[in-house]
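Note sheet for the following structure.
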There are 2 protein chains.
Amino acid sequence: MPSMKDKINRVAIELFYQKGYFATSVSEIAGQCGIQKASIYYHYPSKENILFHIQKVTMDELTGYLRGNLDGQDDIEARMRAAVHSHVRFHLNRQKETFIANSELRGLTPAHYREIVRKRDEYEQIFQQIIREGCKAAVFAAVDVRILSYAILTLCNAGAIWYNPEGRMSVDAIADIYETFVLGGLKKGQFPGITPE
Amino acid sequence: MPSMKDKINRVAIELFYQKGYFATSVSEIAGQCGIQKASIYYHYPSKENILFHIQKVTMDELTGYLRGNLDGQDDIEARMRAAVHSHVRFHLNRQKETFIANSELRGLTPAHYREIVRKRDEYEQIFQQIIREGCKAAVFAAVDVRILSYAILTLCNAGAIWYNPEGRMSVDAIADIYETFVLGGLKKGQFPGITPE
DNA sequence: GTCTATATTTTGATAGAC
DNA sequence: GTCTATCAAAATATAGAC
């Protein structure tokens with residue numbers, strides 16, 4: 001059942017992605033939904049709450065997707081490959097929402113900001129744990145775990161910026177490139193002389 | 001001579017970085033400069049023009065810095081190392097301006113937008129040329145040049161997000177990590193079965 | 001170069017009818 | 001659940017005095 005609340009959500013994702021949160025007005029969202037701006041406030045208490053809802057759902061689904069993809073993967077290298085693949089796939093398939101979740105943190109109220117940052121930390125810690133295990137098992141080079149996890153996540157976000165669903169490359173082909181790049185950058189022998197954190 | 005125009009520029013960089021372009025008002029900029037908002041318009045014709053000025057100067061200096069660092073580097077691997085090092089150094093030393101240049105494109109007028117995108121393309125093409133030469137010389141694995149250049153630039157931007165000038169790591173130590181990561185990801189043998197663009 | 005005063009538009013949000 | 005009408009505040013920008 002496609003409710004008006006869902007429609008507002010979809011329209012807001014489109015507009016926040018194209019113009020940014022602050023540059024998008026409630027009237028604009030209402031206009032593209034075919035209703036008056038006052039009617040928006042029946043479904044959401046504020047403009048900020050629409051943004052918060054988008055970010056919350058996106059982060060929860062991103063983390064759920066990752067956990068699902070890691071389930072049953074035991075080998076440490078396979079786990080990192082699966083994690084990168086999961087991250088890239090989600091970001092390509094959900095381009096607009098992940099862009100908003102990455103760039104519109106400043107539009108949130110302090111309380112909502114903290115909640116989203118906590119969810120983001122949770123997600124990052126899954127990656128950091130894999131890197132840590134890989135270093136311990138001497139599969140990965142031992143470097144600063146936090147720096148590497150940010151590097152990997154940021155690198156994999158790159159695809160979402162230029163990816164075109166109508167383009168010639170498939171999601172999996174792109175994910176494979178990032179996967180190989182990350183594993184090549186991570187593996188032992190790359191960082192001589194640097195000690196574990 | 002620290003002119004008022006310079007002061008407006010510095011204050012705007014700080015505010016656009018902290019709050020975003022659309023969330024920052026002309027009154028706020030004026031307030032932190034110790035003048036009235038009307039006085040801003042003596043120095044700049046519009047708020048958008050302040051943003052444009054920041055982006056233009058940043059892109060010009062970024063490209064100039066890269067060219068200077070590449071000058072005299074002949075070996076292909078040395079050129080890529082120097083390019084990554086230059087990119088990371090600039091982004092860590094000029095955190096706020098590069099963040100604005102990367103994230104506030106949507107605040108520009110169409111004409112100014114095109115001008116900045118052109119400068120950005122110019123910069124990226126220097127990286128793409130190095131990758132292309134590296135593939136031709138069979139030093140790098142032969143993969144999609146555009147994808148790799150975006151991946152490298154995005155990856156190297158990661159540092160600017162968390163870097164703290166007061167922190168324990170030096171700019172050069174961080175640049176070394178990214179340099180090694182990129183070269184590890186790029187080098188031949190990583191991408192079996194993928195043909196050149 | 002900076003000021004005061006103001007024009008114009010638009011914003012997010014609320015009240016109350018239907 | 002959507003409407004009309006409206007509020008109060010804030011925005012960018014301009015005019016003209018000093």
Side-chain angles (χ1 to χ4, degrees), chain A residues 1-56 100 103-113 115-116, chain B residues 1-56 100 103-113 115-116:
Chain A
M1 41 174 177
S3 67
M4 180 56 79
K5 186 163 181 170
D6 287 341
K7 184 163 192 178
I8 293 169
N9 191 59
R10 281 202 309 279
V11 167
I13 288 170
E14 192 66 37
L15 286 171
F16 292 168
Y17 173 69
Q18 279 171 13
K19 316 184 53 177
Y21 172 72
F22 285 106
T24 300
S25 71
V26 176
S27 318
E28 247 174 317
I29 298 171
Q32 294 206 11
C33 289
I35 57 175
Q36 292 300 311
K37 66 175 175 178
S39 308
I40 296 281
Y41 292 90
Y42 173 81
H43 302 280
Y44 288 94
S46 67
K47 182 186 167 189
E48 186 271 344
N49 206 270
I50 304 177
L51 177 66
F52 173 61
H53 182 253
I54 294 169
Q55 299 217 19
K56 194 161 81 79
I100 294 166
S103 60
E104 296 290 5
L105 275 284
R106 290 178 298 197
L108 299 169
T109 61
H112 286 163
Y113 178 85
E115 188 169 337
I116 297 299
Chain B
M1 42 173 179
S3 66
M4 180 56 78
K5 186 163 182 171
D6 287 342
K7 186 163 191 177
I8 293 170
N9 190 60
R10 281 202 310 279
V11 167
I13 289 170
E14 192 66 37
L15 286 171
F16 292 167
Y17 174 70
Q18 279 170 14
K19 316 184 55 178
Y21 172 71
F22 284 105
T24 300
S25 70
V26 176
S27 316
E28 247 174 319
I29 299 171
Q32 295 207 12
C33 288
I35 57 175
Q36 292 299 311
K37 63 177 173 176
S39 308
I40 295 284
Y41 293 90
Y42 174 80
H43 301 281
Y44 288 94
S46 67
K47 181 185 166 188
E48 186 271 344
N49 206 268
I50 303 177
L51 177 65
F52 173 60
H53 183 253
I54 293 169
Q55 299 218 19
K56 194 162 79 83
I100 294 166
S103 61
E104 297 289 6
L105 273 286
R106 289 178 299 197
L108 298 170
T109 61
H112 286 163
Y113 178 86
E115 188 170 339
I116 298 299

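Remember, predicted model here, so these are calculated numbers, not experimental data. Letters A, B, ... mirror the listed sequences (proteins, then strands); counts begin at 1.
- Atom pair B:I29:CD1 and D:dA10:C1' shows a separation of 15 Å (rounding to whole Å applied).
- Between the C1' atom of D:dT14 and the CD atom of B:Q36 lies a distance of 15 Å, rounded to the nearest Å.
- We find that OH of A:Y41 is positioned 13 Å from C1' of D:dC7, with the value rounded to whole Å.
- For the pair A:E28 and A:K37, the salt-bridge criterion is not met [side-chain N within less than 4.0 Å of a carboxylate O].
- The side-chain heavy atoms of B:E115 and B:F52, taken from C-beta on, include a pair separated by under 4.5 Å.
- Listed candidates were D:dT14, D:dT4, D:dA11. Nearest to the side chain of B:S27 is D:dA11.
- When each of A:P45 and A:E28 is assigned the nucleotide of DNA chain C bearing its nearest heavy atom, the one mapping closer to the 5' terminus is A:E28.
- Contact annotation for B:S39: base contact, defined as any heavy-atom pair under 4.0 Å involving a base atom.
- With respect to B:K7 and B:E14, no salt bridge is recorded, no charged nitrogen being found less than 4.0 Å from a carboxylate O.
- With a 4.5 Å cut-off on side-chain heavy atoms, B:Y21 and B:R106 do not count as touching.
- One atom, CD1 of B:I50, and another, C1' of D:dA11, lie 14 Å apart when rounded to the nearest Å.
- Interatomic distance, A:I40 CD1 to A:C33 SG, rounded to the nearest 0.5 Å: 5.0 Å.
- Heavy-atom distances to DNA chain C give each of B:K37 and B:G34 a nearest nucleotide, and the one nearer the 5′ end belongs to B:G34.
- Where A:A38 and A:Y42 each meet DNA chain D at their nearest nucleotide, the meeting point lying more 5' is that of A:Y42.
- Along DNA chain C, the stretch of nucleotides lying under 4.0 Å from any heavy atom of chain A spans, 5' to 3', C:dT11 to C:dA15.
- Atom CZ of B:F22 is surrounded by more than 12 heavy atoms from other residues, nucleotides or ligands within 6.0 Å.
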